[in-house]
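All remarks here apply to the structure that follows.
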Amino acid sequence: MKWKKLGRIWQPEGNFWWNKKYGQLPVPYYLSEENKIRVFFGTACDETFCRISFIDVDADDPTRIVYDPAKPVLDIGDPGTFDDSGVVPSSVINIDGRLLLYTVGYQRCGRVPYMLYAGLAESSDGGISLSRVSKAPILPRKDFRPTGQGAPSVLFHDGIYKMWHWFSTRWITVEGKLFLDYKIGYAESSDGISWDMKDITCLAPDESKGEFAVARPWVIFEDGRFKMWYSIRLVGKMYRIGYAESEDGLNWTRMDHLAGIDVSEEGWDSEMICYPAVIDIKGSRYMFYNGNSNGMTGFGVAILEK
């Protein structure tokens, strides 16, 4: 496969107190009756507290913004909760008209920079307003997941909800900085809200290639198999986008050579690309993604060439 980049859609212009930095983890949701794509994302104030906002783009031209509410739709959590220092979106599903938006919340710490955990918000109006389903993480700490888990990608398949998410077991030092050792794990649910997190590693970084993390999966089911796009963190290069396939959703074969997208020669996504989110609309497949500095430069979109 090969993706054609259509350009950057949104970047932080700093015209409001809450959107001074970043446009992280774009999450598209198709509003078919209105023929537009609602793209949720996280953006931060001067203190780097991220809040969730969205824009609507034309489904026939996803580089054209047709509505910008100019306000966040989900604020940071209450003091002491897992997302009191910021919250960003990760994936979205619709259950009988009820939108469930899975999130990543972060909390600043002392001995390590932060803690990250998965959360959940809901909406009955398509995401114009959001409220937390719980003030607690939906994936709690376990002995086999002691330091964090987040960035859920959720599908309803074979009568159950299936989630792929990153998890970490320890902090590591890379080029003098602390990072979480992201791997990709799996969980199941009967309702999309309460989750049974499995002690399974679906994907892990390949240290022989200079990788030290694989993170933020985005999974679809197509042609009898699961297909995953994800972010690969590399020493010296930071993020690139990878691709893998699986017949059962648990055992994955990496096919990164088929990802079909890389950094540009110059511009907003010339240093790294990360956090892909894929959506099919009217026979076209689009990928929304972040560029340099983990989304500091905003997000763009690419279309799969036929």
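Closest of all the heavy-atom pairs between M1 and L258 is CG-O, 2.8 Å. In plain terms, the two heavy atoms of G42 and C50 that are nearest each other are C-SG, 4.3 Å. When all heavy atoms of A277 and P28 are compared, the pair lying nearest together is CB-CD, 3.5 Å. For the pair P217 and S153, the tightest heavy-atom approach, listed with the atom from each and the gap, is O-CB, 3.3 Å. Residues R108 and T48 approach most closely at NH2-O, 3.0 Å, considering heavy atoms. Contact record, L74 with A121: CD2-CB, 4.0 Å, taken as the closest heavy-atom pair.
Each of V154, L250, L155 was compared with W164 under the side chain to side chain contact (heavy atoms under 4.5 Å, CB included) criterion, and only L155 meets it. Each of V92, I93, L139, V133 was checked for a side chain to side chain contact (heavy atoms under 4.5 Å, CB included) with Y102, and the lone residue meeting it is I93.
Side chain of S123 to main chain of S129: a donor-acceptor pair is present (N/O by atom type, distance under 3.5 Å, no hydrogens or angles). Listed for the R141 side chain is a donor-acceptor partner under 3.5 Å among the backbone atoms of P146. Side chain of K5 to main chain of D262: a donor-acceptor pair is present (N/O by atom type, distance under 3.5 Å, no hydrogens or angles). Within the 3.5 Å criterion, the main-chain N or O of K71 finds a donor-acceptor partner in the side chain of S53. Side-chain atoms of D83 never come within 3.5 Å of backbone atoms of G86 as a donor-acceptor pair (strictly under, hydrogens ignored). At distances below 3.5 Å, not a single donor-acceptor pair connects side-chain atoms of D75 with backbone N or O atoms of R51. The closest donor-acceptor contact from the side chain of W218 to the backbone of V278 lies under 3.5 Å. No donor-acceptor pair under 3.5 Å is formed between the side chain of S189 and the backbone N or O of Y161. Remark: the backbone N or O of T81 is paired with a side-chain donor or acceptor of Q107 at under 3.5 angstrom.
In this view, S134 satisfies the side-chain hydrogen bond (donor to acceptor under 3.5 Å, both in side chains) rule with no residue, not counting sequence neighbours. Taking W195 as the reference, nothing meets the ring-ring contact (aromatic ring centres under 6.0 Å, His included) condition, with sequence neighbours excluded. Residues that satisfy the side-chain hydrogen bond (donor to acceptor under 3.5 Å, both in side chains) test with N292, not counting sequence neighbours, are absent from this structure. Contacts of Y22 classified as ring-ring contact (aromatic ring centres under 6.0 Å, His included), with partners at least two apart in sequence or in another chain: none. By the side-chain hydrogen bond (donor to acceptor under 3.5 Å, both in side chains) test, N251 is found to be paired with D248, residues two or more places apart in sequence or in another chain being considered. Y286 pairs by the ring-ring contact (aromatic ring centres under 6.0 Å, His included) definition with nothing, not counting sequence neighbours. For the side-chain hydrogen bond (donor to acceptor under 3.5 Å, both in side chains) test, no residue two or more places apart in sequence or in another chain qualifies with S284. Partners of K198 according to the side-chain contact (heavy atoms from CB on, under 4.5 Å) rule, which considers only residues two or more places apart in sequence or in another chain, are Y186, E188, D196, I200.
Clustering ILVMFWY residues whenever any of their side-chain heavy atoms sit less than 4.5 angstrom apart, transitively, puts F288 in a cluster other than the one holding Y67. In the hydrophobic clustering of ILVMFWY residues, with side-chain heavy atoms under 4.5 Å counting as a link, F156 and M228 come out apart. Hydrophobic clustering (ILVMFWY, side-chain heavy atoms < 4.5 Å, transitive): L130 and I76 are in distinct clusters. In the hydrophobic clustering of this structure, L101 does not group with L120; members are Ile, Leu, Val, Met, Phe, Trp, Tyr whose side-chain heavy atoms approach within less than 4.5 Å, directly or through other members. With hydrophobic clusters built from ILVMFWY side chains whose heavy atoms lie under 4.5 angstrom apart, L234 does not share a cluster with M255.
Under a 4.0 Å N-O distance rule, the pair D256/R240 does not qualify as a salt bridge. Using a 4.0 Å cut-off between a side-chain N of Lys or Arg and a carboxylate O of Asp or Glu, E211 and K209 do not qualify as a salt bridge. Under 4.0 Å is where a charged nitrogen must lie from a carboxylate oxygen, and between K227 and E222 at least one such pair does.
Apart from W18 itself, the hydrophobic cluster it occupies contains F16, W17, where clustering links Ile, Leu, Val, Met, Phe, Trp and Tyr at side-chain heavy-atom distances under 4.5 Å. Through side-chain heavy atoms spaced under 4.5 Å, either directly or across other Ile, Leu, Val, Met, Phe, Trp or Tyr residues, F82 is tied to M115, Y117. Taking Ile, Leu, Val, Met, Phe, Trp and Tyr as members and joining any whose side-chain heavy atoms lie under 4.5 Å apart, directly or through other members, the hydrophobic cluster of V174 also contains L25, V88, V104, Y106, V112, Y114, L116, W166, W171, I172, L178, F179, L180, Y182, F212, V235, M238, Y239, M272, Y275.
Note that the NE2 atom of H165 and the OG atom of S90 stand 11.0 Å from one another [nearest 0.5 Å]. Here T43 contributes atom OG1 and K20 contributes atom NZ; the two are 10.0 Å apart, rounded to the nearest 0.5 Å. Summarising the geometry, atom CD1 belonging to I65 is positioned 9.5 Å from atom CG belonging to D56; distances are rounded to the nearest 0.5 Å. In this structure, CG on D60 lies 9.0 Å from CD1 on I37, to the nearest 0.5 angstrom.
By the neighbour-count criterion of 12 heavy atoms within 6.0 Å, atom CG of D143 is sparsely surrounded, having that number or fewer from other residues, nucleotides or ligands. The environment of CD in E266 is sparse: at most 12 heavy-atom neighbours from other residues, nucleotides or ligands sit within 6.0 Å. Counting heavy atoms of neighbouring residues, nucleotides and ligands inside a 6.0 Å radius, atom NZ of K4 does not exceed 12 of them. More than 12 heavy atoms of other residues, nucleotides or ligands lie within 6.0 Å of CD in E34, so this atom counts as buried by the packing criterion.
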(request) Carefully, step by step, assess M287 and I273 under the rule side chain to side chain contact (heavy atoms under 4.5 Å, CB included). (result) CA-CA 12 Å; M287 176 189 289; I273 51 173; over 6 Å; no
(message) Before you tell me yes or no, could you show the steps for D199 and R145 under side chain to side chain contact (heavy atoms under 4.5 Å, CB included), namely the whole-Å CA-CA distance, both residues' side-chain angles and the distance that decides it to 0.1 Å?
(response) CA-CA 8 Å; D199 188 5; R145 304 277 192 273; 3.8 Å; yes
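In this structure, the side chains of D58 and N35 come closer than 4.5 Å at one or more pairs of heavy atoms. Two residues are said to be in side-chain contact when any heavy atoms from C-beta on lie closer than 4.5 Å; I52 and T103 meet this criterion. Taking 4.5 Å as the limit, some side-chain heavy atom of T169 sits within range of a side-chain heavy atom of K183. Considering only heavy atoms from C-beta on, E271 stays 4.5 Å or farther from V263 through its side chain. A heavy-atom distance below 4.5 Å is not found between the side chains of I95 and E122. Residues V214 and R254 are in side-chain contact: their nearest non-hydrogen atoms beyond the backbone lie under 4.5 Å apart. In this structure, E245 and T253 have side chains that are not in contact, with every pair of non-hydrogen atoms separated by 4.5 Å or more. The closest side-chain heavy-atom distance from F226 to W252 is below 4.5 Å.
At a cut-off of 3.5 Å, with distance as the only test, no side-chain donor of D269 or T297 sits close to an acceptor on the other residue. Side-chain contact check for N19 and N15: at least one donor-acceptor pair (N or O, by modelled atom type) lies under 3.5 Å.
Pairs passing the ring-ring contact (aromatic ring centres under 6.0 Å, His included) check and including a residue from residues 30-66, sequence neighbours excluded, read W10-F41, F40-F54, F41-F299.
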